[in-house]
Amino acid sequence: MHVRDFDSATLPPAQKAAIWLDVAGRADGNQWRLPLLTITGTAEGPTLVVTAAVHGDEYEGVETIRQVYHRIDPAQVRGTLLMVPVCNVPAYETAQRSSPIDGLNLARVFPGDSNGTITQRIAYWMREKLLQVADFYIDLHSGGVAATIPTLIGYLHEESALGQRSLAGARAFGAPVLWGHPLPIAPGRTVSAATDLGVPWLYTEAPGGGYARPEDVACFTQGVINVMRWLAMLDGAPAPQPTTHHLFGDGDLDSVITATVAGYFRAEVELLERVTRGQRLGAVYNLLGEEIQTVYADQDGIVILLRRVHRVHVGDGLAHITAPLPPPKRA
Ligand SMILES: [Zn+2]
């Protein structure tokens with residue numbers, strides 16, 4: 001079926017379905033297709049949308065969606081679950097973050113373009129067919145091959161109803177780290193598109209590295225089920241794992257501490273380590289072993305991202321520092 005013909009409202013009740021949605025033609029005459037797994041319940045209820053591999057080298061969500069799909073019995077569901085285990089199919093095919101076809105990062109092109117390149121078209125149809133009908137949205141990411149990030153839930157930290165719902169969903173999901181982001185959310189993202197549509201959202205991160213750790217898949221699988229319970233799509237109370245860190249920042253991993261020279265990067269701090277502005281975080285070395293860039297913390301806070309692949313080019317992100325959640329304002 002072409003994705004334009006898909007309508008989640010016409011899915012029969014009380015069943016699972018695995019559907020290929022054609023997006024655009026490939027040079028070999030076949031189609032770029034989005035895989036869609038749906039579970040419709042026996043009663044009316046919310047629509048939860050879950051997506052993974054918006055970046056093609058992040059595998060935790062791919063496996064999470066397969067597990068959720070197999071674990072849930074439609075007879076016990078109220079509402080509709082729509083899940084895309086791989087969104088950027090061309091990037092997934094080549095195990096890259098961005099598409100090898102048009103070079104685009106799917107998480108920077110929302111709201112997309114129905115007449116654009118393949119990545120822009122995928123964004124357009126994700127927004128049109130999934131985000132538009134969502135009552136809640138979860139986008140499963142990780143650090144991918146190049147970066148390492150603690151296992152965390154990102155959410156919209158804002159006093160509006162949308163923000164409060166995002167935070168409540170984050171608490172229900174449960175992860176070792178919660179990371180709140182104020183408005184405005186940097187544009188082009190799945191979650192900025194959801195914000196614009198008024199859909200509350202969460203996203204995940206995890207260490208990644210081209211490998212989905214079983215503990216992260218377990219955390220995310222339980223997290224999706226927890227959110228379904230919180231939304232009353234499933235019976236039972238959420239069973240979130242404890243949160244050890246609650247952090248706050250813009251979450252824009254495009255504005256991080258970068259390499260000013262090409263070379264070999266060695267970090268000297270750990271994820272979630274508390275650092276102070278000006279503290280040495282690591283260094284970049286040339287092939288003669290000489291230190292050619294000392295990398296310093298640009299603010300006081302907590303290390304939330306570190307470069308994993310040692311070889312760096314000029315401009316590559318090396319580290320990102322975020323802040324603990326500010327204390328509540330006094331009345
Ligand atoms: Zn990602």
Side-chain angles (χ1 to χ4, degrees), residues 34-35 49-65 83-112 118-120 122-123 126-127 130-131 137-156 166 170 173 175 177-179 181 185-195 201-213 216-217 219-221 223-224 247 249-256 258 271 304-309 316-320 322:
L34 283 178
V49 171
V50 184
T51 56
V54 163
H55 293 127
D57 62 348
E58 301 173 6
Y59 301 101
E60 293 76 357
V62 181
E63 199 165 333
T64 295
I65 286 177
M83 302 190 290
V84 179
V86 174
C87 293
N88 197 336
V89 176
Y92 176 81
E93 187 167 281
T94 46
Q96 294 175 36
R97 178 174 172 81
S98 296
S99 175
I101 304 297
D102 56 19
L104 292 176
N105 177 342
L106 178 55
R108 299 295 180 273
V109 300
F110 277 80
I118 180 63
T119 307
Q120 293 167 323
I122 291 170
M126 283 176 68
R127 181 184 181 281
L130 301 172
L131 298 183
Y137 175 49
I138 303 172
D139 192 15
L140 301 167
H141 285 255
S142 75
V145 169
T148 182
I149 305 177
T151 305
L152 66 80
I153 291 291
Y155 71 93
L156 177 64
S166 180
F173 189 104
V177 178
L178 296 188
W179 195 18
H181 308 305
I185 301 298
R189 273 70 170 177
T190 54
V191 298
S192 61
T195 304
W201 51 263
L202 306 174
Y203 72 91
T204 67
E205 295 288 357
Y211 172 74
R213 301 189 309 170
D216 291 322
V217 174
C219 173
F220 293 174
T221 302
V224 172
L247 307 176
D250 66 14
D252 182 3
L253 298 179
D254 287 350
S255 66
V256 299
T258 55
L271 289 176
I304 196 75
L305 173 143
L306 287 170
R307 169 86 180 183
R308 182 205 306 275
V309 173
D316 280 346
L318 302 180
H320 187 62
T322 195

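All ligand and atom numbering here is 1-based and tracks the order in the structure.
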Name of whichever N/O/S atom of His55 is nearest to the Zn ion (ligand 1)
ND1
Heavy-atom pair with the smallest gap, counting every atom of Val54 and Asn88
O-CB, 3.3 Å
With distance as the sole test, does His141 use its side chain to make a donor-acceptor pair with the main-chain N or O of Thr204 at under 3.5 Å?
no
Of the N, O or S atoms in His141, the one nearest the Zn ion (ligand 1)
ND1
Any side-chain heavy-atom pair from Ile304 and Pro150 closer than 4.5 angstrom?
yes
Donor-acceptor pair between Thr51 and Asp139 side chains, under 3.5 angstrom
yes
Examine Glu58 and say whether one of its N/O/S atoms is closer to the Zn ion (ligand 1) than 2.8 Å.
yes
